[in-house]
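In what follows, a structure is listed as structure tokens, so that the remarks can point back to it.
Keep in mind that what you see is a predicted model, and the values were worked out from it rather than measured.
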Amino acid sequence: MASLKRWVLVGLTACSVLALAYLPPRGARSSGKSIFAVQSLQATPARQHAQALADEWRNADAAVRLLGDRQRLKRDSLPASPTIVFRGPTLPPNVVRNVQTVMDSVSRGLGLAETKVRVTLVIELQRPNGSAKSPTPLQDRVAYLAPDSTHRTTCLVYLPAGPYWTSFILGKLEARYEGFASARFAQWLQAGLGPCAFYAAFGTPGRPVQRWLASRNWDVGLYLGSHGIAGERFSSLDLMGDPRLPWYWDGVYSFPPATVACLAGRPSGCRAAVLAGAAEEETIPIPDVVLVERRWWRAQHLLPGERYLGDVARTIGRDRFLSFWTSGQPVDTALALALKRPVGEWTADWERGFVRTIRLGPAPPLGAVVLAVAIAVLVLTVVAATASRRQVR
């Protein structure tokens with residue numbers, strides 16, 4: 001009987017070891033290593049320093065160019081609809097008119113003529129290799145120059161077209177892609193407006209809201225449209241990948257704890273995710289240049305945060321949203337008053353409309369469960385067989 005107890009104890013110990021190996025706490029901080037994705041090599045300090053200097057140069061050069069564009073446009077009387085300026089190859093007048101017509105339709109749909117702030121859209125067309133006299137400052141990064149005390153009525157957008165949209169604008173896209181591109185071109189222009197759409201639709205925000213948005217690089221105000229940023233329901237959540245794949249969870253748990261808690265439907269986590277940066281006394285720079293990260297969805301505090309303020313404005317109506325947008329009260333107070341609900345509860349309900357609530361805590365993969373049960377059954381079978389042979393008859 002003592003032998004049987006000993007073998008049962010050994011079996012239970014083996015199962016416990018397997019459980020500990022396969023069930024790491026889901027809330028634990030990632031070790032930075034993943035067996036599902038190739039890890040990039042870390043750059044040397046000299047290389048990191050060179051990259052930092054290159055980024056500073058691109059940012060400064062972009063700011064100078066945007067300021068130059070704004071200064072030149074100040075001499076002209078700006079129309080009610082957004083003005084489009086092209087950089088790169090010279091376009092025929094009919095092409096410019098066609099793009100402006102699409103932009104006018106987008107502007108009317110978003111209500112961008114409601115305030116004195118006007119949008120100027122600078123589209124950088126892709127140049128042939130070797131044709132540029134100097135390096136493009138931002139390459140594929142979108143940038144915004146917000147209104148300030150010297151230019152209160154102009155918000156400038158820098159939008160790189162890339163090879164695909166450049167070919168479409170120039171009429172050189174393959175015929176098989178023409179129909180898809182025509183249907184998505186207005187969506188691309190609308191998504192590119194970013195914070196400038198909010199300035200044109202609602203005016204300059206109050207200081208607390210402006211500091212809050214600056215501290216988080218406008219991650220909750222990148223898109224004013226009612227559809228997804230790149231399709232009917234497409235959002236930053238789709239850029240995370242398929243939830244059925246293991247590396248999706250590596251991405252999820254790379255976000256701050258409040259972001260993950262909000263995905264789990266916890267109002268306290270949603271409130272913290274929305275109000276991240278609201279308590280900081282962020283200094284608003286002049287010029288106020290907003291640079292969108294290349295992997296902007298990885299820098300969000302809320303998913304899909306790019307459409308959060310747009311959805312708030314559509315849900316509560318223009319008047320209530322303006323009371324929040326222009327308020328001098330703290331962000332949490334102003335937003336709760338506009339929503340007429342606690343910020344965390346409203347946001348948790350909003351989150352459930354986009355993502356299936358995830359379950360936090362230890363959860364075994366199916367393969368691990370099957371393997372652990374199989375080993376446990378095998379161990380118990382061996383123990384029972386051994387014990388039966390040792391019985392005294």
Side-chain angles (χ1 to χ4, degrees), residues 24 27-68 87 122 124 126-127 129-130 132-146 156-163 192 194-195 211-222 236-237 239-241 245-260 273 276-277 279-306:
R29 183 181 179 86
S30 173
S31 62
K33 299 179 181 179
S34 173
I35 62 174
F36 302 109
V38 178
Q39 300 294 309
S40 58
L41 297 177
Q42 187 175 7
T44 62
R47 179 66 175 171
Q48 291 177 351
H49 181 65
Q51 290 175 343
L53 289 177
D55 287 340
E56 289 182 9
W57 175 82
R58 290 192 183 98
N59 296 348
D61 191 37
V64 170
R65 295 190 185 206
L66 290 173
L67 287 169
R87 285 183 185 164
V122 180
E124 181 83 42
Q126 184 82 15
R127 293 179 173 88
N129 292 333
K133 297 181 181 179
S134 61
T136 302
L138 292 176
Q139 298 178 352
D140 57 345
R141 295 181 66 182
V142 183
Y144 305 94
L145 180 59
L156 208 64
V157 182
Y158 172 84
L159 183 62
R211 285 196 297 266
W212 168 60
L213 292 170
S215 69
R216 52 194 299 153
N217 205 34
W218 280 79
D219 69 323
V220 292
L222 290 177
S236 53
L237 285 167
L239 296 172
M240 297 288 296
L245 299 176
W247 48 82
Y248 171 85
W249 296 103
D250 287 347
V252 166
Y253 287 102
S254 68
F255 287 100
T259 307
V260 181
E280 299 179 11
E281 292 294 329
E282 184 77 15
T283 301
I284 301 172
I286 298 178
D288 186 7
V289 178
V290 180
L291 299 175
V292 178
E293 301 290 340
R294 289 186 177 89
R295 294 167 62 87
W296 53 268
W297 59 93
R298 292 288 188 185
Q300 290 183 311
H301 292 274
L302 184 69
L303 296 171
E306 71 277 2

Q: Find out whether Glu293 and Arg298 are in side-chain contact, i.e. whether some heavy atom of one side chain is under 4.5 Å from a heavy atom of the other.
A: no
**Q.** Sequence-distant partners of Asp219, side chain to side chain donor-acceptor pair (under 3.5 Å), two or more places apart
**A.** Arg216
Q) Does the side chain of Thr259 come within less than 4.5 Å of Gln300's, by heavy atoms? A) no
Q. Quick one: are Trp212 and Val220 in side-chain contact, heavy atoms under 4.5 Å?
A. yes
Q: For Leu145 and Val289, work out which heavy atoms get closest and say how close.
A: CD1-CG2, 3.7 Å
Q. Between Val142 and Gly192, which heavy-atom pair has the shortest distance, and what is it?
A. CG1-O, 4.3 Å
Q | Reported CG-to-OH distance for the pair Leu222 and Tyr144, which is rounded to 0.5 angstrom | A | 6.5 Å
(Q) Please find the pair of heavy atoms, one from Ala276 and one from Ser215, that lie closest to each other, and give the distance. (A) O-OG, 4.3 Å
**Q.** Atom of Tyr253, atom of Val260 and distance for their closest heavy-atom approach
**A.** CE2-CG1, 3.6 Å
Q: Can you see which heavy atom on Phe255 is nearest to which on Gly251, and at what distance?
A: CD1-O, 3.2 Å
**Q.** Atom pair OH (Tyr158) and CG (Leu291), whose distance is rounded to the nearest 0.5 Å
**A.** 11.0 Å
